[in-house]
Amino acid sequence: MSILIDSNTRVIVQGITGRDGGFHSSKMKAYGTNIVGGTSPGKAGESVDGIPVFNTVRDAVAETGADTSVIFVPAPFAKDAMMEAADAGIKLIVTITEGVPTLDVIEAYHYIKRKGANLIGPNCPGLISPEKSLVGIMPSMVFKQGGTGVISRSGTLTYEVVYNLTQKGIGQSTAVGVGGDPVVGLYFIELLEMFENDSQTDSIVLIGEIGGDAEERAAAYIREHITKPVAVFIAGQQAPPGKQMGHAGAIISSGSGTAAEKIAAFEAAGVPVAQEPSQIPELLKNRR
Amino acid sequence: MSILIDSNTRVIVQGITGRDGGFHSSKMKAYGTNIVGGTSPGKAGESVDGIPVFNTVRDAVAETGADTSVIFVPAPFAKDAMMEAADAGIKLIVTITEGVPTLDVIEAYHYIKRKGANLIGPNCPGLISPEKSLVGIMPSMVFKQGGTGVISRSGTLTYEVVYNLTQKGIGQSTAVGVGGDPVVGLYFIELLEMFENDSQTDSIVLIGEIGGDAEERAAAYIREHITKPVAVFIAGQQAPPGKQMGHAGAIISSGSGTAAEKIAAFEAAGVPVAQEPSQIPELLKNRR
Amino acid sequence: MKIHEYQAKELFATYGIPVDRSIVCRSVEDAVKAYSQLDSQKVIVKAQVHTGGRGKAGGVKLANGEVELRKHAAAILGMDIKGFTVDRILVGQAINIEKEYYVSYVIDRKSKSAILMLSKEGGMDIEEVARISPEKIHKFVIDPSTGMPDYLAREAAFKLFDDIKQVRQAAVILQKLYKLFISTDASLAEINPLVLTKEGEIMAIDAKMTFDDNALFRHSKIATLNEPTEEEKKEQNAKNKGFSYVNLGGEIGCMVNGAGLAMATMDLIKLYGGNPANFLDIGGSSNPTKVIEAMKLLLSDQNVKVVLINIFGGITRCDDVAKGLLEAFKQIKTDIPVVIRLTGTNEKEGRALLQGSGLHVAETMGEATEKAVSMCQ
Amino acid sequence: MKIHEYQAKELFATYGIPVDRSIVCRSVEDAVKAYSQLDSQKVIVKAQVHTGGRGKAGGVKLANGEVELRKHAAAILGMDIKGFTVDRILVGQAINIEKEYYVSYVIDRKSKSAILMLSKEGGMDIEEVARISPEKIHKFVIDPSTGMPDYLAREAAFKLFDDIKQVRQAAVILQKLYKLFISTDASLAEINPLVLTKEGEIMAIDAKMTFDDNALFRHSKIATLNEPTEEEKKEQNAKNKGFSYVNLGGEIGCMVNGAGLAMATMDLIKLYGGNPANFLDIGGSSNPTKVIEAMKLLLSDQNVKVVLINIFGGITRCDDVAKGLLEAFKQIKTDIPVVIRLTGTNEKEGRALLQGSGLHVAETMGEATEKAVSMCQ
């Protein structure tokens with residue numbers, strides 16, 4: 001087992017004829033992901049790297065039985081793409097697109113939820129269940145199948161952490177990049193719950209950063225509900241208030257959302273926090 | 001048992017300080033309905049016939065634990081009242097108001113459904129579970145507790161039929177006036193299903209009329225799913241096409257929605273159709 | 001409430017939906033002036049009436065040149081189409097049609113939603129298409145909270161077109177038509193046909209809209225477009241007094257409280273061998289002034305030979321109803337026999353009060369109807 | 001993106017939200033002219049700066065008469081408030097305030113919604129209210145598909161007012177402010193205080209709005225109101241080149257691919273006893289031109305003594321990254337030492353390529369950071 005995606009997941013790519021969509025479709029397909037189709041209005045009948053293209057998500061779902069979609073369309077069209085996927089019956093929508101207006105995300109998120117589907121992203125690297133399925137833009141070669149679930153607000157920092165895990169022989173059940181925007185889909189608590197319930201997962205790594213209070217809420221949730229060992233890294237201790245650190249969501253506003261508060265919350269909950277990414281494998285081992 | 005309402009139902013009246021709202025609140029209360037409160041913005045703290053008035057439905061629900069609301073506000077405000085009730089957690093919304101714009105009903109209906117609640121009406125007389133609870137404007141004295149479920153698109157025609165039943169000693173489990181507009185809440189199929197599953201109900205009377213094809217769909221549903229005896233009356237055999245017969249929904253458009261089609265559908269499904277309302281008790285008895 | 005094609009096209013234009021250039025005319029001279037303004041050798045002349053089937057009735061003609069235009073305009077103006085006299089025609093530039101499509105938004109009772117209907121079989125009667133080849137009609141149920149987002153409009157447009165440029169054009173039209181439909185509380189917004197021109201444009205060359213009467217209070221501009229027929233005026237007058245009235249042409253006038261019971265009463269008259277003169281629902285209560293007004297309405301119909309009053313006394317008890325009726329009939333002088341049937345709460349007391357009033361009192365609907373029918377013969 | 005109070009008030013007025021009469025002025029003479037136009041003995045003079053706390057800084061004054069106005073205007077214009085120089089003031093009619101309230105719409109990460117916040121504690125810093133008496137703040141989570149229907153606006157307004165007339169006034173303001181918030185893709189729309197005047201009017205006498213940078217593409221008018229500081233301009237320039245850059249004032253310049261890793265790198269520098277000069281995320285790929293641009297940016301900071309490059313090679317393999325770096329450093333001439341740490345796919349091959357290039361190569365983040373810090377001392 002793993003969470004959200006596995007070797008049975010059937011994926012379509014929205015925006016498959018775009019530069020990024022095409023490039024990563026091939027990457028995902030090469031990794032072994034069941035990329036069953038793609039969409040690009042007006043290009044039905046064409047194919048990208050052998051993957052059939054459809055005009056609409058509804059057509060793609062009808063023809064391929066897809067249950068998951070990964071979205072690469074430009075930001076102004078991302079809301080429409082997310083809603084199209086949900087309306088067509090897609091159950092997991094992974095939005096890679098960066099720079100989507102927040103109110104668009106809010107609208108799409110609530111619509112997706114109402115349709116009984118899940119959203120990951122936007123502005124995220126996607127997710128991977130190593131050696132089963134990759135949905136997104138993660139560099140698959142740093143991952144290895146195993147028992148650690150990874151949840152992260154970041155991209156390369158996740159790869160850094162995972163690379164350290166893999167090098168120490170600690171594989172991953174599923175790694176999810178939740179996205180760096182202030183409002184995104186699945187987040188710490190939902191994913192912690194999924195990992196807690198996943199039989200393959202034996203430990204969890206949570207990578208947080210400044211901005212918002214999701215880490216604080218996650219810490220409280222872990223104390224109450226998570227029995228598996230968790231190790232944490234928080235980025236942005238040196239970030240000045242009021243400045244956006246790359247990710248739109250990584251900003252200390254009105255003095256709250258600091259790394260110090262977050263680290264304190266995890267420590268208060270008895271969850272070890274790494275000082276550098278390379279300490280994570282050790283912290284996990286110590287807990288086991 | 002009965003369906004939708006019983007002696008535990010806790011009812012608030014939206015628009016309780018209006019003429020109709022006040023009059024029928026007293027009637028319902030006198031019948032024994034648990035009228036626990038009413039709303040009228042700006043009149044919190046007042047009372048109508050001993051019933052406390054609140055500014056908002058949310059306040060009323062918080063204070064009284066109401067689960068059902070009956071709406072008497074004027075048509076231009078009915079949509080807002082329905083949505084307010086649903087948003088405040090009311091589970092059954094009964095809209096008596098006549099003349100509500102159809103698009104308002106559509107919007108409110110979908111919102112109510114999304115909130116997991118049920119709508120009856122608008123433009124309906126409400127419903128009654130005799131000797132338990134009356135929510136609406138039905139003349140309670142013609143009803144008698146018993147085993148026949150009644151579903152009707154009409155008001156006085158329902159009373160006429162029920163009066164005939166009661167006089168013949170046939171009581172009712174619940175009688176529901178679904179409303180005479182083209183778009184209303186709970187309708188034949190949902191209510192047939194509820195009556196089929198209700199242990200008190202031993203037979204069902206369905207009173208239809210011209211317009212739409214809900215009777216045809218009900219006939220098919222009865223054939224497939226209803227094991228209890230059903231008797232039907234359809235009004236409007238003499239109605240000319242294109243003319244609205246009182247109810248906004250009672251209109252034969254483009255040659256469809258005629259009484260003849262509906263009667264044929266029930267007969268084809270083996271459901272007896274009365275030629276006059278007074279035959280209904282007999283038809284029910286014949287089936288038992 | 002219905003409006004004319006030319007009025008619907010004005011609304012279309014306001015909402016940015018492309019329509020053919022056309023001018024409404026009330027005379028042949030107007031039409032000739034319009035012809036020169038349109039600057040097109042061929043024009044279409046179309047009767048503007050509140051009914052369908054004008055084409056079959058000869059109310060739509062293509063005119064090649066001014067002479068033909070004069071001929072057709074003269075022929076169509078004043079024409080009678082299903083009881084409607086044509087007093088306006090629409091003169092429009094003839095369009096080079098490549099293909100015709102059908103598009104409409106309409107209220108769907110079953111899904112309790114607005115739905116979009118599309119078909120490649122444009123220009124035909126859509127009920128005909130529905131009957132012969134229902135698979136050629138595509139339906140989209142619209143979620144009122146999201147309306148017509150880009151993807152849905154595109155998805156719908158793909159049902160009609162393959163070329164992405166045409167799909168995009170059509171999608172925008174579908175979105176604008178939806179906006180018009182919702183913003184005006186329409187119950188129907190139909191384009192039949194929507195055409196693809198030989199020049200590659202997509203436009204509406206016919207337009208039909210009807211509106212929700214219950215919502216006219218918030219659309220005062222549209223309400224001013226109302227043009228009721230004589231019969232509709234009578235119905236409207238009744239409505240203003242709190243009645244619902246429809247003339248049925250028979251001899252037995254009926255007055256009933258409640259629409260369902262009123263329909264059942266007219267059906268019963270027919271069942272017993274009579275002919276109902278009307279449908280008349282006097283609404284919930286039955287106070288004397290309402291009864292007087294209703295009787296006046298019934299008696300204004302020359303065909304009426306008997307009046308049948310069928311009242312169910314519920315919240316208002318039968319004895320109170322009877323008192324009201326007696327008071328009303330003190331003021332109504334007529335030779336036409338009146339049969340009254342009174343049922344419901346306190347019915348015996350009610351009927352007792354009516355005894356000896358000269359009104360014919362009955363206990364059941366059946367008895368009352370039988371009486372009324374026999375008095376008619 | 002922030003705008004000034006006077007600009008926000010112009011938006012308020014466009015959306016029908018009542019505001020006090022006020023005029024923006026750039027000089028004392030302007031202010032005197034505004035005074036005569038306002039025709040009010042007492043006026044308020046307020047600094048227009050993109051920061052809070054202007055009141056405490058002396059940037060808000062009540063002027064009774066022209067002499068006082070001149071004095072205050074002269075004092076405030078040119079004032080420095082938290083590093084912002086005041087070049088504009090807003091002169092507004094003084095209002096007879098009965099009571100002050102707080103109202104705002106803001107994006108809430110937890111509920112993933114816009115929320116409405118209200119409090120009877122108006123005029124105060126809302127974070128202060130939240131800290132001391134959170135029960136005095138009322139929050140309404142807004143369903144984006146229904147927005148602010150009448151009932152919800154009324155419900156919210158009842159949290160501030162008891163009188164139904166005031167409730168209705170306030171409810172309309174709440175609906176209009178929501179419309180403004182949504183229509184402009186705002187991330188904050190705050191009225192603090194919303195006041196009830198002694199005359200019974202409800203109006204906004206302050207206005208604060210910030211906007212979602214990601215949505216400015218569809219709000220060109222609002223985008224023109226952008227007034228970046230010098231620092232923000234530098235950040236904006238970096239952004240236009242595909243970077244995220246924030247100056248931190250230390251000596252170790254860093255260049256990292258990915259925001260999270262960049263934050264982790266600056267944290268590690270501090271942990272190892274150094275001071276990061278900046279946050280710099282050069283994004284996913286690391287082609288030579290990007291590296292050159294990023295180096296120019298780092299070297300333009302006079303404080304930078306060492307540069308630390310931390311690259312995770314994922315989709316782009318480390319050997320390809322190394323080739324790019326070598327190519328870039330052929331064109332960059334600098335005496336400042338550069339430490340490079342390269343990890344990820346094909347890292348050994350990558351590091352091998354960099355050997356002998358004059359760049360200091362490290363294997364781990366720890367090692368690289370240690371090196372950079374020691375070089376700095």
Quick check on the interface: out of B/Ser256, B/Ala239, B/Ala235, who has the most heavy-atom pairs with chain C under 4.5 Å?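 The answer is B/Ala235.
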
At what distance, to the nearest 0.5 angstrom, does [atom1] of [X] lie from [atom2] of [Y]?
X: C/Glu367; Y: B/Ser278; atom1: CD; atom2: OG; result: 11.5 Å
X: B/His247; Y: C/Asp281; atom1: NE2; atom2: CG; result: 7.0 Å
X: B/Met245; Y: C/Met266; atom1: CE; atom2: CE; result: 3.0 Å
X: B/Thr102; Y: C/Asp185; atom1: OG1; atom2: CG; result: 8.0 Å

Under the side chain to side chain contact (heavy atoms under 4.5 Å, CB included) test against C/Met263, which residue among B/Ile234, B/Leu157, B/Ile210 passes?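 Of B/Ile234, B/Leu157, B/Ile210, side chain to side chain contact (heavy atoms under 4.5 Å, CB included) with C/Met263 is met by B/Ile210 alone.
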
Could you point out which residue of B/Gln275, B/Glu276, B/Gln237 forms a side chain to side chain contact (heavy atoms under 4.5 Å, CB included) with C/Asp267?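 So, applying the side chain to side chain contact (heavy atoms under 4.5 Å, CB included) to C/Asp267 and each of B/Gln275, B/Glu276, B/Gln237, only B/Gln237 qualifies.
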
Contact part of [X] toward chain C, heavy-atom cut-off under 4.5 Å: side chain, backbone, both or neither?
X: B/Val184; value: backbone
X: B/Pro182; value: both
X: B/Pro76; value: both
X: B/Val100; value: backbone
X: B/Lys113; value: neither
X: B/Ile189; value: neither
X: B/Tyr109; value: side chain

Would you find more than 12 non-hydrogen atoms of other residues, nucleotides or ligands less than 6.0 Å from [X] atom [atom1]?
X: C/Lys234; atom1: NZ; value: yes
X: C/Lys139; atom1: NZ; value: no
X: B/Lys115; atom1: NZ; value: yes

Take B/Val142 and C/Thr345, measure what side-chain contact (heavy atoms from CB on, under 4.5 Å) needs, and give me the verdict at the end. CA-CA 7 Å; B/Val142 305; C/Thr345 318; 3.9 Å; yes

Quick one: do C/Lys110 and B/Glu216 make a salt bridge, cutoff under 4.0 Å?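 So C/Lys110 does not pair with B/Glu216 through a salt bridge.
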
Taking it one step at a time, do B/His110 and C/Ser145 satisfy side-chain hydrogen bond (donor to acceptor under 3.5 Å, both in side chains)? CA-CA 8 Å; B/His110 286 270; C/Ser145 72; over 6 Å; no

Picking from C/Glu232, C/Arg317, C/Arg341, which has the most non-hydrogen pairs under 4.5 angstrom with chain B?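 So the answer, after comparing C/Glu232, C/Arg317, C/Arg341, is C/Arg341.
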
Residue among C/Tyr272, C/Phe181, C/Phe243 with most heavy-atom pairs under 4.5 Å to chain B: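 Among C/Tyr272, C/Phe181, C/Phe243, the one with the most close pairs to chain B is C/Tyr272.
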
Measure distances from C/Leu216 to the heavy atoms of chain B and classify the residue's part below 4.5 Å as side chain, backbone, both or neither.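 Contact with chain B involves no heavy atom of C/Leu216 at all.
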
Does any heavy atom of chain B fall under 4.5 Å from the side chain of C/Ser111, the backbone, both, or neither of them?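 For C/Ser111, the backbone is the part near chain B, not the side chain.
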
Under the side-chain contact (heavy atoms from CB on, under 4.5 Å) criterion, do C/Phe279 and B/Lys243 qualify, and how do the steps go? CA-CA 10 Å; C/Phe279 164 92; B/Lys243 287 288 176 189; over 6 Å; no

Give the C-alpha distance, both sets of side-chain angles, the deciding distance and a yes or no for salt bridge (Lys or Arg N to Asp or Glu O under 4.0 Å) between C/Lys112 and B/Asp181. CA-CA 11 Å; C/Lys112 303 181 208 281; B/Asp181 283 353; over 6 Å; no

